[in-house]
Amino acid sequence: MESRSNLIIVESPAKARTIEKILGKEYRVKSSFGHIRDLEKKELGIDIQHDFRPKYVVPEEKKKVVSELKKAVKDSSRIYLASDEDREGEAIAWHLSEVLGLSPDNSKRIVFHEITPPAIKEALQTPRDINHDLVNAQQARRILDRLVGYELSPILWKKVKPSLSAGRVQSVAVRLIVEREREIHRFEPKSYYRVTGEFYIVRDGKVSLVNAELSERFESREEAESFLEAIKDKRFRVADITRKPSERTPPAPFTTSTLQQEASRKLRFSVAYTMSLAQRLYEAGHITYMRTDSVNLSKLALGAAKKWITEHYGEEYSKPRQYKTRSRGAQEAHEAIRPTYLDKEKVPGSAAEQKLYDLIRKRTLASQMAPAKLEKTTITIVPEGSDKSFVATGETILFDGYLKVYSDKEEEEEGEGKGFLPPLEVGTPLQYKQITATERFTQPPARYNEAMLVRKLEELGIGRPSTYAPTITTIQQRGYVVKEDRPGESRQIHLLVLKEEKEKIEKKTKKETFGKERGKLFPSDIGMVVNDFLLDHFPDILDYNFTATIEKQFDEIAQGKMNWTEMIRRFYEEFHPKVEETERSTGRTTGERVLGKDPESGEEVIVKVGRYGPVVQLGRGEGDKKPRYARLRKGQLIETITLEEALGLFRLPRTVGTFEDTEIIASIGRYGPYLRHGNTFYSIPNGEDPHTITEERAIEIIREKREAEKKKVIRIFEEDPSLQVLNGRWGPYIKHGKKNYRIPKGQKAEELTYEACMEIIRKADEKKGKG
DNA sequence: CAGTGAGCGAGCTTCCGCTTGACTT
């Protein structure tokens with residue numbers, strides 16, 4: 001056998017490739033693809049009786065990796081376990097050493113702080129042994145999560161609904177959303193009046209305009225009106241001008257959480273989409289690792305940024321900085337997310353990848369740039385003899401600094417002229433062109449979108465960069481939460497307008513929409529019922545500080561100051577009795593709410609979570625009388641539905657009228673409101689109501705759909721009636737029997753012959769057969 | 001595609017954190 005090589009094992013294959021390139025032939029670098037062992041999945045996997053002894057197994061999908069690693073170990077004389085420098089990484093190293101049968105004689109633990117030749121060499125020169133305290137901290141974390149998840153979930157199966165789940169992280173995420181929703185429903189908007197004025201002065205034939213807002217708000221229309229009345233004939237003048245210099249410093253480079261937030265805000269990417277794009281960029285070698293809680297940049301990156309900024313913008317734009325992490329529980333095993341090569345402006349790949357890359361690159365550059373210098377000007381305008389004042393503010397950029405590449409405000413320069421104020425002096429008399437008191441309403445707290453939820457979880461120290469996206473997917477998959485758009489409602493607002501040339505105050509009304517939402521997280525009924533159940537019986541686990549509290553103990557274990565089995569035992573002795581107690585003492589939870597009585601039948605009206613989801617039930621079903629049921633509609637919640645709305649659900653299905661001697665029936669199904677005519681179904685368009693739809697309109701809908709159907713068929717063939725060229729939602733396609741086929745680019749649907757179609761079908765089937 | 005709801009019971013579901021593919025539409 002030829003010279004036995006050194007073997008390095010890292011977590012990620014992309015990382016393995018780069019390190020292999022740096023080190024050359026003497027080292028083989030392989031990847032473990034994360035953890036290689038875990039607790040047995042089908043059972044608890046913990047022997048409670050014997051000091052919580054974990055039962056670790058290599059899962060099926062990891063067997064191949066493990067056998068390859070075993071082979072590589074055989075061919076190597078020295079093995080370096082180079083997983084990440086954090087709790088999980090240490091545990092991975094330990095599991096590897098156990099499974100691969102390594103010993104301190106033939107294996108060492110090393111950590112890379114950067115993936116650069118000097119850093120890797122330094123790591124190889126400072127090997128150490130596995131830190132078992134750190135490994136134990138990880139085992140405690142793992143086992144606690146398993147105990148919580150695998151003891152709570154089955155209670156939910158029994159008491160609420162099968163297949164549900166609960167856990168240290170997901171249950172708190174759901175709680176945040178449920179509580180926010182309730183805050184929003186409890187919120188009572190209060191109206192107030194905001195007064196704005198347009199002032200001007202003519203000098204040397206030139207008009208200068210100033211927009212200002214009254215520094216005080218009024219609680220009622222009467223107050224606003226009497227104020228306008230009082231100033232109607234007054235003269236105005238500039239009472240004060242102040243200029244204040246200010247600085248704006250750039251934000252830190254991206255972590256997983258801040259990248260998700262910015263990509264959501266600026267690019268409208270979902271958290272999962274952002275991560276999959278970042279993964280591709282990482283694998284192609286364009287960016288550093290994308291699951292990180294660190295804002296650190298390597299020396300290499302700092303140098304590259306300084307060089308690029310100085311060369312392109314000048315020295316005054318460069319300001320090298322190292323940022324400090326402020327997030328709780330950060331482990332900082334990696335760098336911040338940054339481009340591998342800062343001078344690379346374009347990367348190959350999709351447009352979305354390029355956009356995300358651009359965001360990462362600009363954020364990294366900005367973080368190493370000088371702060372922007374601004375001047376904020378405030379002009380105070382006072383009506384003669386009044387103690388109230390109008391204020392106009394403007395901001396001018398004296399030096400743009402990092403703003404040259406990156407803007408961190410929602411909409412920089414919203415509303416024109418916001419930054420600009422005309423040159424005026426104290427004492428200048430002004431005339432008003434128009435003064436308007438506009439009714440406004442106080443705003444409820446904002447609903448979470450995915451990225452806002454990640455931010456909140458990170459703030460609470462709950463979850464890790466690698467789990468933010470999966471957690472959000474899980475709570476949606478379980479049906480606890482839905483991501484939705486809501487159209488919003490309309491309300492009337494009052495305006496009082498005072499115009500220069502008119503004597504009287506004009507009263508107007510205007511419509512505004514409020515509560516419009518896009519891509520926000522709403523709790524479902526099941527989410528609320530599960531949340532309340534858990535909060536009722538396991539308040540400690542659902543506590544926002546639970547993770548922070550146990551993390552302190554994990555830290556103690558990591559420092560060798562606490563025994564991990566002791567810690568788990570203490571936790572379990574508190575936790576488990578509550579599990580048993582809950583199992584014994586509580587009945588089925590349905591979140592039942594009694595809304596009142598149906599005035600027609602006198603029967604009780606109840607809403608609850610039924611076997612197939614939330615329903616309204618009419619009557620208790622005493623005697624021979626069976627209760628009637630109706631499903632709740634999208635957007636309706638057990639918690640907020642009114643008796644009126646609930647009774648409305650029983651008015652369907654309803655006969656709308658007759659068409660071609662057949663009844664038309666309107667109702668709401670799984671896919672929304674529909675009309676049924678004989679055996680054919682027609683959807684009722686958005687915004688129209690099956691309760692009130694007229695016979696006339698229903699017939700119109702049926703006719704329209706028939707027209708569309710006619711247009712749907714582009715070609716039919718005598719040779720084979722089961723073959724059709726149709727017009728579908730995504731354009732023309734071929735239908736043959738029950739199978740659909742795409743029409744290849746360059747072929748016109750209207751001109752396809754029978755032979756051409758059969759050729760397309762044959763080719764497509766052939767291709768499929770191979771794959 | 002599109003109305004469910006009484007009830008019998010077997011077998012299954014589930015956590016958090018580390019990592020990527022191999023799948024299908």
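Note that the coordinates shown come from a computational prediction; the quantities given were computed from them, not determined experimentally. By convention in this document, chain letters (A, B, ...) are assigned in the order of the sequence lines, proteins followed by strands, and residues within each chain are numbered from 1.
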Engineer: Can you list, by residue number, the residues of residues 453-466 of chain A that have a non-hydrogen atom closer than 4.0 angstrom to DNA chain B?
Structural biologist: A/G463, A/R464, A/S466
Engineer: Can you list every stem that DNA chain B is part of, counting only runs of 3 or more consecutive Watson-Crick or G-U wobble pairs with both distances under 3.5 Å?
Structural biologist: none
Engineer: How does each nucleotide of nucleotides 8-13 of chain B score, in 5' to 3' order, for protein heavy atoms under 4.0 Å: base (B), sugar-phosphate only (S), or none (-)?
Structural biologist: -----B
Engineer: Please report, rounded to the nearest Å, how far the P atom of B/dG5 is from the CZ atom of A/R631.
Structural biologist: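 Interatomic distance, CZ of A/R631 to P of B/dG5: 12 Å.
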Engineer: Applying ring pair (Phe, Tyr, Trp, His ring centres under 6.0 Å), name anything that partners A/Y572, two or more places apart in sequence or on another chain.
Structural biologist: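 A/Y572 satisfies ring pair (Phe, Tyr, Trp, His ring centres under 6.0 Å) with A/F52, A/H576 once adjacent residues are dropped.
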Engineer: Quick one: list whatever passes salt bridge (charged side-chain N to carboxylate O under 4.0 Å, His left out) with A/E663, sequence neighbours left out.
Structural biologist: none
Engineer: Can you tell me if the side-chain N/O atoms of A/Q279 get under 4.0 Å from OP1 or OP2 in B/dT20?
Structural biologist: yes
Engineer: Could you list the residues that satisfy ring pair (Phe, Tyr, Trp, His ring centres under 6.0 Å) with A/F650, not counting sequence neighbours?
Structural biologist: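 Residues passing ring pair (Phe, Tyr, Trp, His ring centres under 6.0 Å) with A/F650: none at all.
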Engineer: A/E551: which residues meet the side chain to side chain donor-acceptor pair (under 3.5 Å) condition with it, sequence neighbours left out?
Structural biologist: A/R87
Engineer: Partners of A/R654 by salt bridge (charged side-chain N to carboxylate O under 4.0 Å, His left out), sequence neighbours excluded?
Structural biologist: none
Engineer: Which residue pairs satisfy the salt bridge (charged side-chain N to carboxylate O under 4.0 Å, His left out) criterion with at least one member in residues 271-287 of chain A, sequence neighbours excluded?
Structural biologist: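 Listed once each, the pairs are A/R280-A/E353.
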Engineer: Residues two or more places apart in sequence or in another chain: which of them pass ring pair (Phe, Tyr, Trp, His ring centres under 6.0 Å) with A/Y468?
Structural biologist: none
Engineer: Would you kindly give the CG-to-P distance between A/L39 and B/dG17, to the nearest whole Å?
Structural biologist: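 The distance from CG of A/L39 to P of B/dG17 comes to 14 Å, rounded to the nearest Å.
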Engineer: Not counting sequence neighbours, which residues clear ring pair (Phe, Tyr, Trp, His ring centres under 6.0 Å) with A/H677? List them please.
Structural biologist: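 Only A/F659 meet the ring pair (Phe, Tyr, Trp, His ring centres under 6.0 Å) criterion with A/H677.
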Engineer: Does any pair with a residue in residues 146-163 of chain A pass salt bridge (charged side-chain N to carboxylate O under 4.0 Å, His left out), and if so which ones, sequence neighbours excluded?
Structural biologist: A/K158-A/E583
Engineer: Hey, does the side chain of A/Y674 come within less than 4.0 Å of B/dG3's phosphate (OP1/OP2), counting only N and O?
Structural biologist: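 So the side chain of A/Y674 is within the cut-off, an N or O lying under 4.0 Å from OP1 or OP2 of B/dG3.
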Engineer: With a cut-off of less than 4.0 Å, is there a side-chain N or O of A/Q170 near OP1 or OP2 of B/dC16?
Structural biologist: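 Answer yes for this pair, as a side-chain N or O of A/Q170 is under 4.0 Å from OP1 or OP2.
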